[in-house]
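This report refers to the structure that appears directly beneath it.
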Amino acid sequence: MRELTAVKDALKKHQIELPSWAFGNSGTRFKVFGQPGVPRTPFEKADDAAQVNQYTGAAPVMAVHIPWDKVDDYEALAAHANGNGIRIGAVNANVFQDDDYKLGSVCHPDPRVRAKARAHLLDCVDIMDATGSRDLKLWFADGTNYPGQDDIAARQDRLAEALAAVYARLGAGQRMLLEYKLFEPAFYATDVPDWGTALLHCTALGDQAQVVVDTGHHAPGVNIEFIVALLLKAGKLGGFDFNSRFYADDDLMVGAADPFQLFRIMHEVIKAGALYPGQHVPPSPPPRPTEITATSAGAQPPGIAFMLDQCHNIEPKIPAQIRSVMNVQEAVAKALLVDADALLAAQRAGDVLAANAALMDAYNTDVRPLLAELRAELGLAPDPVAAYLASGYGAKIVSERVGGTAAGWGA
Ligand code: RM4
Ligand code: MN
């Protein structure tokens, strides 16, 4: 087991990014059950996100989704967030909720629709400039439902053309994060269905383009940590959209369905020294002559965005976000506890059981007392959910947020 002070120090440097949309109403295609007190504006979403950060001390960033978080003055939104101790994170483009996008956005057969989608993506970069955001996150609902509906290869060319135009607009220090998803809303062929497709596009674009792994966007049984390990090696892992799934893209709380998978993912991140900029890299086997090495970047550059992408359809939203942050922290703490020397020695000796035990010993450790200690060191309550519930904030927003239109994407 690693020294506990080092584990706590690493945890203190690890930051989690919250999705603004988690605080608004959401639902399934069958029904949105509205909750009292949900934000009416992006400013109120930032207030709620700040609560999550206040009680966890680990989530000082809020991603926005445009146009769900459209405001007249983005600098004012960023200043409001800053005043609450958080900052604006990834700007998520939305080119999937307009009638024009019935057959796609940047891959649409009609150049007029493609131009409209591209203009929106460029507007999102303007918003990044105004808010100081580093990341443009792109997820496309593009795809086809029937064989022959459109030309698969031509759609890839249209996608590449749009991505190149937007990439050229990025400023220094800004990144384009491309997210893949197996299916939905398209059912026959999705235009960015997997990490291979995303990686091909990002590699063609350059160092400022990286892949986002949304943990809910794979077929059941896919080994996500394998994908993570390979993207890290290639210097192309830009971020995560964390959530849990039992069936498809369920967007449930991260760590709820499969905390062991989350641990395995974080183990790969920590091995690659990518938990936070400057993370100490544990020992690893010496490289072999044929080793797959990073592309142009040379190594995984610092700064993976550890984002949540979740919806809280039936549970209260702010405590659900707090719980999610805690779940990530528990996985990180366990992964930090892996005895890297023992693991490496067992692997080199071909000792299957000892190697597996090195991982399982860490995973089976109850890290909750350690995290409570960490919070005490940061001047926080040991149980963030209980502290939030006792604060009265939930009742306050229910009584204050009357009138206006509750935020949400509808269904
Ligand atoms: C997509 C994808 C994106 C998210 C939208 C709402 O499935 O996960 O990241 O922004 O949903
Ligand atoms: Mn996502």
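Each ligand, and each atom within it, is numbered from 1 in the order the structure gives. Throughout, numbering of the chain's residues begins at 1 and tracks the sequence.
- Checking Asp150 against Thr144 by side-chain atom types alone, no donor-acceptor pair falls below 3.5 Å.
- Note that Lys31 lies in the cation-pi zone of Phe33, set by a 6.0 Å cut-off to the ring centre and a 45° limit from the axis.
- Protein N, O or S atom count below 2.8 Å of the Mn ion (ligand 2): the structure gives 4.
- Cation-pi geometry between Lys45 and Phe23 is not satisfied (NZ or CZ under 6.0 Å from the ring centre, within 45° of the ring normal).
- Judged by distance alone, the side chain of Glu44 and the main-chain N or O of Arg40 form a donor-acceptor pair under 3.5 Å.
- Ring planes of His267 and Phe263: parallel class, angle under 30° (limits at 30 and 60°).
- A cation-pi contact, defined as under 6.0 Å to the ring centre and within 45° of the axis, links Arg264 to Phe260.
- Panel note: side chain Arg114, backbone His108; a donor-acceptor pair is recorded below 3.5 Å.
- Taking a heavy-atom cut-off of under 4.0 Å, ligand 1 is surrounded by His65, Trp68, Asn92, Lys137, Trp139, Glu179, Lys181, Asp214, His217, Asp241, Asp249, Asp309.
- Glu17 contributes a side-chain N or O that, together with a main-chain N or O of Ala90, makes up a donor-acceptor pair within less than 3.5 Å.
- Formation of a donor-acceptor pair under 3.5 Å by the Glu179 side chain with backbone atoms of Asp241 is not found in this model.
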